[in-house]
Novice: 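One structure follows; several queries about it will come next.
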2 protein chains.
Amino acid sequence: MAKQTERIKHACSRCSLADLCLPYGLDLDEIAQLESNVSPSHDVAGDALLFDQGESFQALYAVSAGSFKTSVLDADGLEQIMGFYYAGDLLGLDGLADKTHQCTALAIEHSQVCRLPFDQIENLMTRLPALRNQLMRLMSRELTDDEQQLLTLGRKNSEGRMASLLIGLSRRRATRGLDASRVSLNMKRADLANYLGMRMETVSRVLNKLQSDGLLHGTRREVTIADSAALSARAGSAAWIADQ
Amino acid sequence: MAKQTERIKHACSRCSLADLCLPYGLDLDEIAQLESNVSPSHDVAGDALLFDQGESFQALYAVSAGSFKTSVLDADGLEQIMGFYYAGDLLGLDGLADKTHQCTALAIEHSQVCRLPFDQIENLMTRLPALRNQLMRLMSRELTDDEQQLLTLGRKNSEGRMASLLIGLSRRRATRGLDASRVSLNMKRADLANYLGMRMETVSRVLNKLQSDGLLHGTRREVTIADSAALSARAGSAAWIADQ
DNA sequence: CGATTGTTTGAGGAATATCAATATGTGTGG
DNA sequence: CCACACATATTGATATTCCTCAAACAATCG
């Protein structure tokens, strides 16, 4: 048992569950309480659902390997990709408040997740205010991300949107200690296009342009950022400036 | 003192603080605890800041009269209007997690707000799990609203966006027991345009079209929805269907 | 290796931004 | 209460971006 806890602690130290358990005033005993509730990595096949919109909330998931996309289906049947998640990201917070998942999470490729079951969470949240605060902070960060994306969709042209996404993914890799110049574009072009609010033909053309302008190079599935300053500049230059 | 509590209880019963205090298993004593911490309505002048992005979080505010807009400024200096808030709406949740406001709230007109100071909230949240859950639920609803708006900006044309906004505002009025066919468009056209990710000239033209098509009529500052079914239909018809 | 699925390229057109001019509304001092 | 000035909103003509449709191309899987 002690051995298992040790193993989990090690696994968690590299992902956002670390962010979730460790820094905010939890003592060793509390950390152990939390970690003993996390079931270690298990597999999710490519194209398999992790959870589905409307389904009852069962657990929080931390991606330990692979990648996921989340999407929502609205009343009119329109689908919007909400985000892409890589190793170290936390999935399922959307279901915490209403005990029902508000979006669908699907594995882009063969992946692995750790699992923190719901029934433990409620309990832990009451016992550990620090954990409660950290969960709120993570929810709040999702809100900030959404707002950033609203700004991107509302104010930027196709090039700016693509550049913003690449910069964002690059930053997230940097915070995980990975090579920030290399970004995985594992998802289908259609999903990328959906996420960015444009058509896949446009995605293709924009990536081409960035490439021939020398800001990027790489393959279909992974690009390398050659000039990150120039890329940031294009992400920052809006399609238009708001009136007034 | 009893008289004041009574007055506040009455005032709250019409706004989302009611939603916040009353329904989720709080007993009378707990409600009284919460209400005695809410300072009653005070004035906010038109064009005055309620709180500013980056400022430390001091309190939650419930709009009791008037209207507000919230906006974020990103690193590149681009501004995005995040939402419009009317009587009964709750403002400031964005600051709860990090104790820092993530957006700016500005009064569109002379308004009034009730105030729930921060130092009480932390305390109350630990004592009353039901309150904690309700606050999480409200945060989660903001997330859902943002996601809905992402879908609107990503998938709909200008007519669909405008129709979606009008339907949304109308629904919110309905939940407050107000006339759902009448919608206030108190904000500047430029703010409306910013929120919808288009230019104010386009806002103007789209409103004109909806009006001449007989779905709407009204003045510059307030419109009446003449055919809400047809308006919903236009809100639902996307600019395009996602690939795949 | 053929079938299927996913991606890129090209030509044309529709939606919407831009620019410029006009109109309407709002507040202030006479 | 009017008239002027300034802010806000509408209208019109043109330009541009990006979507649409169609076809070729590349990758993936049995």
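Here is the naming used below: chain letters follow the sequence lines, and residue numbers restart at 1 for every chain. Being a predicted model, the structure only gives us computed values, none of them experimental.
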Novice: Measure from NZ on B/K188 to P on D/dT10 and round the result to the nearest Å.
Specialist: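 From B/K188 NZ to D/dT10 P: 14 Å.
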
Novice: Do side-chain atoms of A/S111 reach the backbone of A/V44 as a donor and acceptor pair under 3.5 angstrom?
Specialist: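 Answer holds: no.
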
Novice: In whole angstroms, how far is the P atom of D/dA9 from the CE atom of B/M187?
Specialist: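 Rounded to the whole Å, the gap is 11 Å.
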
Novice: What's the closest nucleotide to the side chain of B/N157 if the choices are C/dA15, D/dA26, D/dC18?
Specialist: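 Given the options C/dA15, D/dA26, D/dC18, the side chain of B/N157 is closest to C/dA15.
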
Novice: So does A/M200 get a backbone contact from the side chain of A/S204, meaning a donor-acceptor N/O pair under 3.5 Å?
Specialist: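 Not at all, since once roles are kept as given, no pair shorter than 3.5 Å links the two residues.
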
Novice: Among D/dC19, D/dT10, D/dA22, which is the nearest nucleotide to the side chain of A/R199?
Specialist: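 Of the options given, the side chain of A/R199 lies nearest D/dC19.
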
Novice: Give the ring-plane orientation class for A/F51 versus A/Y61, where under 30° counts as parallel, over 60° as perpendicular and anything between as tilted.
Specialist: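 A/F51 and A/Y61: parallel rings.
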
Novice: In this structure, how many angstroms lie between the C1' atom of D/dC19 and the CG atom of A/N194, rounded?
Specialist: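 Rounded to the whole Å, the gap is 15 Å.
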
Novice: Would you please confirm or rule out a distance under 4.0 Å between OP1 or OP2 of C/dT8 and any side-chain N or O of A/R189?
Specialist: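 Answer yes for this pair, as a side-chain N or O of A/R189 is under 4.0 Å from OP1 or OP2.
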
Novice: Find the distance between CD (A/E147) and CG (B/D94) and round it off to the nearest 0.5 Å.
Specialist: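 Between atom CD of A/E147 and atom CG of B/D94 there are 7.0 Å.
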
Novice: Looking at every strand, decide which applies to B/R221 at a 4.0 Å heavy-atom threshold: base, sugar-phosphate, or nothing.
Specialist: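 Sugar-phosphate, backbone atoms only, no base.
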
Novice: For the pair made of CE in A/M198 and P in D/dT17, what is the distance, rounded to whole Å?
Specialist: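 Answer to the nearest Å: 14 Å.
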
Novice: Within the 4.0 Å heavy-atom criterion, would you say A/R205 contacts the bases, only the backbone, or no part of the nucleic acid?
Specialist: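 Base contact.
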
Novice: Counting the atoms with a prime plus P, OP1 and OP2 as sugar-phosphate, which does A/G197 contact under 4.0 Å by heavy atoms, base, sugar-phosphate, or nothing?
Specialist: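 Sugar-phosphate, no base atom in range.
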
Novice: Figure out the CG/C1' separation between B/L185 and D/dT10, and round it to whole Å.
Specialist: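 Roughly 16 Å, once rounded to whole Å.
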
Novice: Can you tell me how far C1' of C/dA20 sits from CE of B/M200, to the nearest Å?
Specialist: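 Rounded to the whole Å, the gap is 13 Å.
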
Novice: Where the side chain of B/R161 meets the backbone of B/G197, is there a donor-acceptor pair that is under 3.5 Å apart?
Specialist: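 Here the side-chain-to-backbone pair exists.
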
Novice: Counting side-chain heavy atoms from C-beta on, which of D/dT8, D/dT28, D/dT10 comes nearest to B/R220?
Specialist: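 Closest of the options to the side chain of B/R220: D/dT10.
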
Novice: Looking at D/dC19, I'd like to know if its phosphate oxygens (OP1 or OP2) sit under 4.0 Å from a side-chain N or O belonging to A/T202.
Specialist: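 Checking A/T202 against D/dC19: at least one side-chain N or O falls below 4.0 Å of OP1 or OP2.
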
Novice: Does A/S158 have a side-chain nitrogen or oxygen under 4.0 Å from the phosphate oxygens OP1 or OP2 of D/dC18?
Specialist: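 A/S158 to D/dC18 OP1/OP2: side-chain N or O found under 4.0 Å.
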
Novice: Please state how far atom CD in B/E222 lies from atom C1' in D/dA9, giving the value in whole angstrom units.
Specialist: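 Interatomic distance, CD of B/E222 to C1' of D/dA9: 18 Å.
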
Novice: For B/E201 and D/dT14, what is the distance between atoms CD and P respectively, to the nearest whole Å?
Specialist: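 These atoms are roughly 16 Å apart.
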
